[in-house]
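Have a look at the structure below, then the notes.
All residue numbers refer to positions in the sequence shown, counting from 1. Indexing begins at 1, ligand by ligand and atom by atom, following the structure's order.
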Amino acid sequence: MIRFSGFLILVLFAVLTFQCQSEQEIKREQYITEGILIYKNNCANCHQTKGQGLASLYPPIAASDYLSSKKDVICLIRYGLHGPIVVNGKSYNRPMPPQPQLSDLEVAELVTYIYNEWGGETKLTDVKEVTPVLQQCKQ
Ligand code: HEC
């Protein structure tokens, strides 16, 4: 009897874990769906639909070495970026305008999309992680 209820607890635990994971997965997919739209409407003009950038004017986001600091990416989306930078060995020096119209949630959706599509991640960047970063950005 004790063994049997032990087994039941194990099954229950497995079911709960599985449910949690699939909730995260659903959320990740929702973020990505929204992120694609936000990217098209706010970023693709310059960085292009496939994130490949445009000549020496706009740097690529796809496979960009700049993605190694997610905090910097979160901050530059809201506050823009200016001054010379090097992306994948190439120099760029044009101002990127700030995007204050995007909410914290929209920034999180965008970052989830970018990192899943072009940064080799398969996970959600939750708005709960993004808000504290945005509050700490130096302007
Ligand atoms: C008006 C054109 C323009 C728009 C719109 C724009 N960017 Fe940029 N972005 C730039 C430029 C120019 C730079 C390089 C800035 C510099 O040289 O300091 C840059 C840099 C970046 C970088 C860091 C370098 C790299 O390529 O990895 C990221 C990430 C980025 N932008 C993401 C975005 C996202 C996401 C959006 C949409 C919310 C966006 N940008 C909208 C022009 C733009």
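Considering only non-hydrogen protein atoms, atom 15 (C) of ligand 1 sits nearest to Arg94 O, 3.0 Å. Regarding atom 32 (C) of ligand 1, its nearest protein heavy-atom neighbour is Ile61 CD1, 3.5 Å. Atom 5 (C) of ligand 1 has as its closest protein heavy atom Asn42 O, 3.3 Å. Given atom 8 (Fe) of ligand 1, the protein heavy atom at minimum distance is His47 NE2, 2.0 Å. Scanning all protein heavy atoms for the shortest distance to atom 23 (C) of ligand 1 gives Tyr66 CD2, 3.5 Å. Remark: minimum distance from atom 38 (C) of ligand 1 to any protein heavy atom is reached at Cys43 SG, 2.7 Å.
In summary, the atoms of ligand 1 found under 4.0 Å from a heavy atom of Pro60, numbered by their order in the structure, are 25 (C), 26 (O), 27 (O). Close approach of ligand 1 to Gly83 (heavy-atom distance below 4.0 Å) involves ligand atoms 16 (C), 17 (O), 18 (O). Close contacts between ligand 1 and Leu81 involve ligand atoms 15 (C), 18 (O) [criterion: under 4.0 Å to a heavy atom]. Atoms of ligand 1 found under 4.0 Å from any heavy atom of Ser64, numbered from 1 in the order shown, are 25 (C), 27 (O). The Tyr92 neighbourhood of ligand 1 comprises atoms 17 (O), with distances under 4.0 Å to a heavy atom of that residue.
With 2.8 Å as the limit, Cys46 does not count as an N, O or S neighbour of atom 8 (Fe) of ligand 1. At least one N, O or S atom of Met96, from either the backbone or the side chain, sits less than 2.8 Å from atom 8 (Fe) of ligand 1.
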Step by step, work out the side chain to side chain contact (heavy atoms under 4.5 Å, CB included) result for Gln30 and Thr33. CA-CA 5 Å; Gln30 283 170 343; Thr33 309; 5.6 Å; no
Evaluate the criterion side chain to side chain contact (heavy atoms under 4.5 Å, CB included) for residue pair Tyr39 and Ile61; output intermediate values, then yes/no. CA-CA 11 Å; Tyr39 182 83; Ile61 300 178; 3.9 Å; yes
Thr112 vs Lys123, side chain to side chain contact (heavy atoms under 4.5 Å, CB included): CA-CA, chis, key distance, verdict: CA-CA 7 Å; Thr112 301; Lys123 65 178 175 112; over 6 Å; no
Test side chain to side chain contact (heavy atoms under 4.5 Å, CB included) applied to Tyr58 and Asn45, step by step: CA-CA 10 Å; Tyr58 304 120; Asn45 247 358; over 6 Å; no
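Contact between Val87 and ligand 1 is present, with at least one heavy atom of the residue lying under 4.0 Å from the ligand. Using a 4.0 Å cutoff on heavy atoms, Ile114 counts as a contact of ligand 1.
Proximity of Glu129 to Ile74: side-chain heavy atoms (C-beta onward) are nowhere separated by under 4.5 Å. Within the 4.5 Å cutoff, side-chain heavy atoms of Val87 are placed close to those of Pro60. His47 is listed as a side-chain neighbour of Met96, based on a closest heavy-atom distance under 4.5 Å. Inter-residue side-chain proximity for Asp126 and Lys128 is flagged as met; some heavy-atom pair is nearer than 4.5 Å. At a threshold of 4.5 Å between non-hydrogen side-chain atoms, the residues Val127 and Thr131 count as touching. For the pair Val133/Cys75, a side-chain contact is recorded, criterion being any heavy-atom separation below 4.5 Å from C-beta on.
Of all the heavy atoms of Asn45, none lies under 4.0 Å from any atom of ligand 1, so neither backbone nor side chain is involved. Heavy atoms of Leu76 found under 4.0 angstrom from ligand 1 belong exclusively to the side chain. Using a 4.0 Å cut-off between heavy atoms, His82 contacts ligand 1 through its backbone alone, with no side-chain atom that close.
Under 4.0 Å is where a charged nitrogen must lie from a carboxylate oxygen, and between Lys70 and Glu121 at least one such pair does.
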